[in-house]
Structure formats: C-alpha cells, structure tokens
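Written below as structure tokens is the structure these notes are about.
Chain letters run A, B, ... following the sequence lines, proteins first, then strands; residues in each count from 1.
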There are 2 protein chains.
Amino acid sequence: MPRKIEPSALSDQALELIATRFRVLGEASRLKLIRALESEERNVSQLVEDTGLTQANVSRHLQTLTEAGILGRRKEGLNVIYFIADHGIFDLCKHVCGSLQERFAANAKAFGG
Amino acid sequence: MPRKIEPSALSDQALELIATRFRVLGEASRLKLIRALESEERNVSQLVEDTGLTQANVSRHLQTLTEAGILGRRKEGLNVIYFIADHGIFDLCKHVCGSLQERFAANAKAFGG
DNA sequence: TGACAATATGAGTATATGCGCATATACAGA
DNA sequence: TCTGTATATGCGCATATACTCATATTGTCA
C-alpha cells in the first residue's frame, strides 16, 4: 500500500494547481514578456517590439499569463496595458536562477573548470 | 525598436533554461513523486505504490527529474534509490502555494465569501 | 547457467499546445 | 458612418510529450 503522506503534504488537487502555475512559466516566450514588464507596464504593441514575437502570439501568451493571475490588464482607449499583478514571480525566477547557478557551478568544478 | 533591457535582466538563453526548469515542474505526476520523496528516499517500486502511476511512467518521470538535477539516484543491488538532490524545490512549491492562496483568498473575498 | 525481480526503454497512440495566417472585434477620429 | 489602428481569436499545422504495452537490461540467488 502507498506510504502514508505527511500531514503537511499537499493534496493531489493542490499539486495539480501548482503544476499548472509552473507550466505557465515553462515557456521562454512568456518569461520574456514578464521580463519586459518588470520595470514598467506596457501595451501589446510595445511588447511585440520588446520581444520580437508576432502580435497574435503575444496576445495569446498575455491571455495565458493573465488567466493565471500573473499579469493584470487595463484598457486605455485603443490600447490594452498589461502589468505585473503577482510580483512574487520575480522571487520565483531568482530562486530557480540560483538553483541553476549552483548546479552549473558544480558541473564546472567537476570538470576542473 | 525594442526597449532597452535592464542591466539586471536575464538573457534569452537564461530564460530558456529557467523555462525548462519550470516545465519539468509543470506536471502533477512529477510533483507527486517529489512529494513522496520529501521525507525519505524511495526506490522505484515504492514510488509506484506511493503514486499509483505505472512503473514505466514513474521511471520516465524520474529520469526527467534526475536530468534536471532535482533528484539524485543510487543503485543498491536490484533496486534504484531516488532522493531529493535540490531541496530548494520545496521552497519553490511553497512560494507558488502562497501565491495561489493569496489569489484564491482575493477571489473569495470578491465574492463576499 | 537458469529463473526471477527491479528498472529502463522502444514503439505507438492520444492529447496538448505553440505558431502563423487570416479575420473578427473594439475603439478613436474625421 | 467611414477609415484606420490596436488587440483578440478561429483554424490548421507541426511538434512535444504523457501514457500504455511489450520487451530489453541489469542484477540476485539457487
């Protein structure tokens, strides 16, 4: 039989939600958009320029990020302004960054670099 | 022209690596395996029991997680023991958890719950 | 060496999803 | 209302990947 799960452990349903959040971030194009929004809010056209992605593509990724609660949006006349809604995102990225740096440093060391 | 990127911003290549890391975590089955390994190392058969996934499936996910540097493995006779190699993973999950909790709480509040 | 147990992997299938193209929708100004 | 601009979206294609089944591989013990 399956081992008893720790009282502190997350339910399967919670894991599903967490996985979904990670999956949203698991796409370089979307991270690019987040990066472009780090210092200031931007409209779609600006984000198209910033990222080099097509307009349709940017629009879809923005939708994904907004549905996930990571971005917020506001209409201003013809334009739609996107902004970071969940600033914790940057901590997350930094965390992953640190983890990857450690790993690469260890690899480099293993090869006497 | 694209807006100038902050000096502190991550390169496209770095974003790609970060996205890959997130993508690895963007699968509930893999999070389940990580959860099962939280308190102690386990062999494959045990993980099959813990998660209810098929043996082939577990084996593949373990490979993915190990290649990402999240798990480590060690052979003991016929068995292969897997364990958490990057304990920062739990911080990451907790972080996402907190972020989701905030969001759900806000939603609940918006609906007068 | 033969039988068995634990794990990994090749092949095939189903599903998800990123992308581009074209077009629809929403809004502003003349 | 007509035109042009900004954004969103339907559709189809190509690809990635999770899953299952069957089998290979690796190691143990008699």
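Taking atom CG on B:Asn57 and atom C1' on C:dT9, their separation rounds to 13 Å, with Å as the unit. One can place CZ of B:Arg42 at 16 Å from C1' of C:dT7, the figure rounded to the nearest angstrom. In this structure, B:His61 places its NE2 atom 6 Å from C1' of D:dA18, rounding to the nearest Å. Rounded to an integer number of Å, the gap from CG of B:Leu53 to P of D:dC19 is 7 Å. Following rounding to the nearest Å, B:Leu47 (CG) and C:dA6 (C1') show an atom-to-atom distance of 13 Å. For the pair B:Arg60 CZ and D:dT17 P, the interatomic distance rounds to 13 Å; values are reported in whole Å. Taking atom CG of residue B:Leu65 and atom P of nucleotide D:dA18, one finds them 10 Å apart after rounding to whole Å. The separation between A:Ile81 atom CD1 and C:dC27 atom P is 14 Å, rounded to whole Å.
Contact record, B:Ala9 with A:Arg35: CB-CD, 3.7 Å, taken as the closest heavy-atom pair. When every heavy atom of B:Ala68 is checked against every heavy atom of B:Arg21, the shortest pair comes out as O-NH2, 2.7 Å. Shortest non-hydrogen contact noted between B:Tyr82 and B:Leu37 is O-CD2, 3.3 Å. Scanning both residues, A:Cys93 and B:Phe22, for their nearest heavy atoms gives SG-CE1, 4.1 Å.
Between A:Lys75 and C:dC27 there is a side-chain N or O to OP1 or OP2 distance below 4.0 Å. For the pair B:Ser45 and C:dA5, the criterion of a side-chain N or O lying under 4.0 Å from OP1 or OP2 is not met. In this model, the phosphate group of D:dA6 is not approached by any side-chain N or O of A:Asn43 to a distance below 4.0 Å at OP1 or OP2. Side-chain nitrogen and oxygen atoms of B:Thr54 include at least one within less than 4.0 Å of the OP1 or OP2 phosphate oxygen of D:dT20.
A salt bridge is absent between B:Arg103 and A:Asp86; no separation between the charged side-chain nitrogens and carboxylate oxygens falls under 4.0 Å.
Counting heavy atoms from C-beta on, the side chains of B:Leu62 and B:Arg73 never come closer than 4.5 Å. Between B:Asn79 and B:Val44 there is no side-chain heavy-atom pair separated by less than 4.5 Å.
The side chain of B:Ala56 lies closest to D:dA22, out of D:dT26, D:dT9, D:dA22. Out of C:dA11, D:dA8, C:dA26, the shortest distance to the side chain of A:Val80 is found at D:dA8. Considering only the side chain of A:Tyr82, D:dA8 comes nearest among D:dT7, D:dA8, D:dT9. Nearest to the side-chain atoms of B:Arg23 among the listed nucleotides C:dT7, C:dC19, D:dT17 stands D:dT17.
Among the heavy atoms of the strands lying under 4.0 Å from A:Gln55 is at least one base atom, whether or not backbone atoms are also near. In this structure, A:Ser59 reaches the bases: a heavy-atom distance under 4.0 Å links it to at least one base atom across the strands shown.
Closest-nucleotide positions on DNA chain D for A:Leu78 and A:Val58 were compared, and the one nearer the 5' end corresponds to A:Leu78. Ranked by how close their nearest DNA chain C nucleotide is to the 5' end, A:Thr64 and A:Gly77 are led by A:Thr64.
Remark: A:Glu27, A:Ser29, A:Arg30 in residues 26-38 of chain A come within less than 4.0 Å of DNA chain C through at least one heavy atom.
A:Leu25 is connected to B:Phe90 through a chain of hydrophobic side-chain contacts under 4.5 Å among Ile, Leu, Val, Met, Phe, Trp and Tyr, so both are in one cluster.
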